[in-house]
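Following: one structure in structure tokens, then a few remarks.
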Amino acid sequence: MKTSVRSWASGRASLVPCSGRWPSRPAARARCNFRIRIEFRTGIPFSLRMSVRTRFAPSPTGFLHVGGARTALFNWLYARQNDGKFILRIEDTDAARNTEEAYKVIYDGLNWLGLDWDEGPDKGGPFGPYQQSERNAIYEKYLAVLEAGGHVYEDNGAIRFRSQRKPVLVEDIVCGKIEFDMSNPATHPDMTIRRPDGSWIFHFVNVVDDIEMQLTHVIRGEDHLSNTPKHIELYQALGATPPKFAHIPLILNHEGKKLSKRDGGSSITYFLDLGYTPEAVANYLCLLGWSPGENREFLKTPEILSLFDLGQINRRNSIFDLDKCFWLNGQHLQHMSLERFEELALPFVDKAGVSYGTIDALRPALAIVKPKVKHLSDVPDWIGFLFTEEYPFDPEAVAKSLAKPGAGDRLQALGSALSALSDWTHAVIELKLKETAATMGVKAGELVHPARVAVSGRSVGPGLYEMFEVLGKARTLARFDKARALAA
RNA sequence: GACCCUAUCGUCCAGCGGUUAGGACACCGCCCUUUCACGGCGGUAACACGGGUUCGAAUCCCGUUAGGGUCGCCA
């Protein structure tokens, strides 16, 4: 009897009464019928009751990659799902490129995505410091352990770790069991762990920190899968139990290559600047390689938190599709509360210098564009004309409707009809406009289009009656008069 | 080159031995409509190939091909 890895990941246990090897593929795993589900606290190995600790360990490059962000997200989700801790560790063994700005990019990106960490360089914690450049004494201590065990040797001033040259089994929550044959030094050379100048190599410090910080789960990109047997050898030499590993598939660009800095949308900053909402980006990112089933896609973060299943992640790399992320962004914008929309849109509005006066004046404007915009960065442009009489007229829009024969007269007629209204709300305005069109014997569009351009200067925008309402009666009618100068 | 992983519409995700192979984005029609959106309806579009196993394979096995990853005194 074996307990499947996948179920460990979900915090459940399934006894699978089929003997033999662990099935290594998701399909094979799932194919074992006759599962007996048992409750979490019964029959689970003790180690699993330890509280979960996961980490995100970026190096401070000044760039937060979407792949990294997804890795962080998955680690965060897993920790939060299991009442565990999520740790931020900065891997800055290459001290030269260590800048304050680079730290800020990481902090800002994670904060923006809503991924809060429990321990980190800025927060402290029981296993600090949380930046590798300050952990030298710890590495020295662990190196001494390796030396005492005869696991290292010097080579041209560098220190190398001697492989045991035995097969190493990687048990991965996503990938299943994979055996690596380490016997050939030509294909698996002994790794260097320290340079002649005394600085440390990633593999060593990464493993040491994961031991020291008592990480229970290492969730990282699949590009590390082939490094994992080496890491396991290190754990063994240090007398430590390896954590559980979960290697998640990579995110590729449209050419099917690893998403690089040069690819549009490869940086979290890109999404932040363009006015994507963090909930949409998190939603999109978690959908790469994972699905909650039942054809569900639009997910709010709390739903992701309850549905996400590390063991359910698929193995294949996926191509980043900006179109779909864009669509999801519109969906989130549309479905979020007006309060949240305000919170997110305000920085963009302020940055663009829209002089809206008070927040109370801004709110109605935001309300009428919320169902329409796809990017928060579009908001200033969509509401700007509501707060100035100096709004520009788009020549194309003018030519298309205002400049058409009779448009000026129709505008005037509409103006005088509307001026009679005492109740200036969009529903009443709409009725009045349609009534006016009927009496004039023209289609509503003949009034609507010139009026839209008159009031906003353009042919695309929020709902017409809503614009009138927000603008107020006096300003609406004044704009009618002003625009008649442009009309035919 | 060696080793590891992967292979379903253009893209993302379903599929767990018997399905008219499903949903979403994108694209194309139509409807709704004051623009743009939203929404609704419909359409185009996929099991890489070859062998097995099986009464039956997109699903299991092997091979081929293709793609990705790793083999750093980068992280």
Side-chain angles (χ1 to χ4, degrees), chain A residues 23-33 57-61 91-94 97 132 155-160 170 172 174-176 178-182 184 186-189 191-197 199-203 205-206 221-230 247 249-250 252 254 256-258 284 287-298 314-328 330-331 334 369 371-374 382 397 400-401 430 433-434 437 443-449 451-453 456 458-467:
Chain A
S24 63
R25 292 161 198 243
R29 270 181 247 147
R31 217 165 39 81
C32 291
N33 301 323
S59 72
T61 60
E91 307 222 326
D92 57 348
T93 53
D94 191 352
R97 58 181 178 193
Q132 293 182 330
D155 175 24
N156 284 322
I159 298 175
R160 286 183 181 272
V170 176
D172 192 282
V174 175
C175 305
I178 303 162
E179 193 177 81
F180 290 84
D181 178 8
M182 308 295 281
N184 185 355
T187 55
H188 295 88
M191 64 180 151
T192 305
I193 62 175
R194 190 175 205 177
R195 302 185 190 90
D197 69 0
S199 59
W200 305 95
I201 300 295
F202 159 77
H203 301 290
V205 293
N206 186 266
E222 204 209 62
D223 47 346
H224 286 298
L225 184 58
S226 299
N227 289 328
T228 305
K230 296 192 292 195
H247 287 92
L250 268 19
L252 274 25
H254 274 286
K257 308 282 184 202
K258 212 170 152 182
Y284 180 71
L287 252 24
L288 252 27
W290 175 75
S291 155
E294 298 170 335
N295 291 326
R296 290 238 269 152
E297 293 196 315
F298 177 78
N314 71 32
R315 307 285 329 272
R316 88 190 86 82
N317 296 160
S318 43
I319 291 172
F320 194 93
D321 182 15
L322 211 44
D323 279 339
K324 186 142 184 179
C325 190
F326 178 76
W327 171 78
L328 263 178
Q331 293 290 307
Q334 206 172 115
V369 299
K372 304 271 189 169
V373 295
K374 292 290 196 72
W382 274 66
K400 215 166 72 185
S401 51
E430 176 172 3
L433 181 141
K434 288 188 168 157
K443 288 199 285 189
E446 298 293 318
L447 299 180
V448 165
H449 299 299
R452 169 179 294 285
V453 178
S456 70
R458 51 181 77 186
S459 57
V460 174
L464 182 74
Y465 314 114
E466 286 79 2
M467 288 195 311

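So you know, we letter chains A, B, ... as the sequences are listed, proteins then strands, and number each from 1.
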Do nucleotides 28-34 of chain B as a string where each nucleotide becomes B, S or -: B if the base has a protein heavy atom under 4.0 Å, S if just the sugar-phosphate does, - if no protein is that close. ------B
Protein-to-nucleotide contact annotation, 5' to 3' order, nucleotides 43-49 of chain B [B base; S sugar-phosphate only; - none; under 4.0 Å, heavy atom]: -------
Please report the shortest heavy-atom distance between [X] and [Y], naming the atom on each side.
X	Y	result
A:S459	A:A397	N-CB, 3.7 Å
A:F180	A:P229	CG-CG, 3.5 Å
A:N314	A:R316	OD1-N, 3.3 Å
A:A444	A:A437	CA-CB, 3.9 Å
A:L225	A:C175	CD2-SG, 4.1 Å
A:E91	A:P60	O-CD, 3.5 Å

Residues 288-297 of chain A side chain polar contacts: donor-acceptor under 3.5 Å, at least two apart:
from, atom 1, to, atom 2, distance (Å)
A:S291, OG, A:G293, N, 2.9
A:R296, NH1, A:E303, OE2, 3.3
A:E297, OE1, A:K324, NZ, 3.2
A:E297, OE2, A:K324, NZ, 2.9

Look at the side-chain N and O atoms of [X] and state whether any lies under 4.0 Å from the OP1 or OP2 oxygen of [N].
X	N	result
A:T93	B:A75	yes
A:Q334	B:C36	no
A:R315	B:C4	no
A:R316	B:C13	yes

Using whole Å, report how far [atom1] of [X] lies from [atom2] of [N].
X	N	atom1	atom2	result
A:M191	B:C73	CE	C1'	13 Å
A:N295	B:G23	CG	C1'	3 Å
A:H254	B:G67	NE2	P	19 Å
A:R458	B:U35	CZ	P	17 Å
A:D323	B:C27	CG	P	7 Å
A:I193	B:A75	CD1	P	13 Å
A:K324	B:C25	NZ	P	7 Å
A:L447	B:U35	CG	C1'	14 Å

Regarding B:G23, can its base be found pairing with the side chain of A:E297 as donor and acceptor, where the two atoms are less than 3.5 Å apart?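 Yes, a donor-acceptor pair under 3.5 Å.
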Within-4.5 Å side-chain heavy-atom neighbours: [X] and [Y]:
X	Y	result
A:K230	A:H188	no
A:L433	A:L464	yes
A:V174	A:H247	no

Counting the atoms with a prime plus P, OP1 and OP2 as sugar-phosphate, which does [X] contact under 4.0 Å by heavy atoms, base, sugar-phosphate, or nothing?
X	result
A:Q331	sugar-phosphate
A:N156	base
A:D155	base

Spacing of A:H224 atom NE2 and A:F202 atom CZ [to the nearest 0.5 Å]: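 Reported to 0.5 Å precision, the distance equals 4.5 Å.
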Separation of A:K372 NZ from A:W382 CH2 (nearest 0.5 Å):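 Rounded to the nearest 0.5 Å, the CH2-NZ separation comes to 6.0 Å.
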Please report the distance separating the [atom1] of [N] from the corresponding atom of [M], rounded so that it comes out in whole Å.
N	M	atom1	result
B:U6	B:A58	C1'	15 Å
B:C49	B:A66	P	15 Å
B:C28	B:C13	P	24 Å
B:U20	B:G1	C1'	48 Å
B:A45	B:U8	C1'	12 Å
B:C30	B:U35	P	15 Å
B:G15	B:A7	C1'	15 Å
B:U11	B:C32	C1'	29 Å

Using a cutoff of under 3.5 Å, can you pull out all pairs of nitrogen or oxygen atoms linking the protein to nucleotides 18-20 of chain B, with atom names and distances?
none

Partner nucleotide of [N] by Watson-Crick or wobble geometry (both distances under 3.5 Å):
N	result
B:G67	B:C5
B:A46	none
B:C73	none
B:C30	B:G40
B:U53	none
B:G10	B:C25

Return whichever of A:R296 or A:W382 has its heavy-atom-nearest nucleotide of RNA chain B closer to the 5' end.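 Going by which nucleotide is closer to the 5' end, it is A:R296.
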Would you say the side-chain atoms of [X] pair up with the backbone N or O of [Y], donor to acceptor, closer than 3.5 Å?
X	Y	answer
A:D321	A:D323	yes
A:N317	A:P249	no
A:S59	A:T61	no
A:R452	A:G463	no

Are any protein N/O atoms closer than 3.5 Å to N/O atoms in nucleotides 68-72 of chain B? If there are, list each pair with its distance.
from, atom 1, to, atom 2, distance (Å)
B:G68, OP1, A:K257, NZ, 2.2
B:G68, O2', A:N317, OD1, 2.8
B:G69, N2, A:S226, OG, 3.3
B:U70, OP1, A:K258, NZ, 3.4
B:C71, O2', A:T187, O, 2.8

Proximal nucleotide (of [options]) relative to the [X] side chain:
X	options	result
A:F180	B:A37, B:C5, B:C3	B:C3
A:F202	B:A75, B:C36, B:C73	B:A75
A:I178	B:C25, B:C5, B:C13	B:C5

By ring-ring contact (aromatic ring centres under 6.0 Å, His included) - contacts of A:F326 (at least two apart):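 ring-ring contact (aromatic ring centres under 6.0 Å, His included) check on A:F326 returns A:H375.
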